[in-house]
Visitor: 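Here it is: the structure, laid out below.
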Amino acid sequence: MRTLRDVKTGEFAKVVKLHGEGATKRRIMDMGITKGVEVYVRKVAPLGDPVELTVRGYELSIRKADAEMVEVE
């Protein structure tokens, strides 16, 4: 399983599935990361946290733990 955490800087990925449950999953969905959306990884901080993304035309930073809950292809 490949997660958003595994995507390298400068690459695109398509969201396949969101793992996790409850409030955490809801928060990720509220940020616009839903099944089928294309995500571009802009930057990754030196220690890997946070990950800066472009989703649906806007910039977003998410924690490494949240990025690991997003399965991509």
Visitor: In Å, rounded to the nearest 0.5 Å, how long is the span from CZ of Arg42 to OG1 of Thr54?
Guide: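 The distance works out to 5.0 Å.
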Visitor: Minimum heavy-atom separation for Arg56 and Gly32, please, with both atom names.
Guide: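 Taking Arg56 first and Gly32 second, the nearest heavy atoms are NE-O, 2.8 Å.
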Visitor: Can you see which heavy atom on Ile33 is nearest to which on Leu18, and at what distance?
Guide: O-CD1, 3.4 Å
Visitor: Answer whether the closest heavy-atom distance between the side chains of Glu52 and Ser61 falls below 4.5 Å.
Guide: yes
Visitor: How many angstroms lie between atom OG1 of Thr24 and atom CE of Met29, to the nearest 0.5 angstrom?
Guide: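 The CE atom of Met29 is 13.0 Å from OG1 of Thr24, to the nearest 0.5 Å.
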Visitor: Between Asp49 (side chain only) and Lys64 (backbone N and O only), is there a donor and an acceptor less than 3.5 Å apart?
Guide: yes
Visitor: Are Leu53 and Tyr40 connected into the same hydrophobic cluster when the rule is that any two of I, L, V, M, F, W, Y join if their side-chain heavy atoms are below 4.5 Å apart?
Guide: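 No, it is not one cluster - the side chains of Tyr40 and Leu53 are not joined through contacts under 4.5 Å.
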Visitor: Which donor-acceptor pairs under 3.5 Å do side chains of residues 2-15 form with protein atoms, sequence neighbours excluded?
Guide:
residue, atom, partner, partner atom, Å
Arg2, NH2, Glu11, OE1, 3.3
Thr3, OG1, Arg5, N, 3.3
Thr3, OG1, Asp6, OD2, 3.4
Asp6, OD2, Thr3, N, 3.0
Glu11, OE1, Lys8, N, 3.3

Visitor: Can you list, pair by pair, the side-chain donor-acceptor contacts under 3.5 Å of residues 66-73, counting residues two or more places apart and other chains?
Guide:
residue, atom, partner, partner atom, Å
Asp66, OD1, Arg27, NH2, 3.2
Asp66, OD2, Arg27, NH2, 2.8
Glu71, OE1, His19, NE2, 2.8

Visitor: Kindly work out whether a path of hydrophobic side-chain contacts (I/L/V/M/F/W/Y, heavy atoms less than 4.5 Å apart) joins Val37 to Val51.
Guide: yes
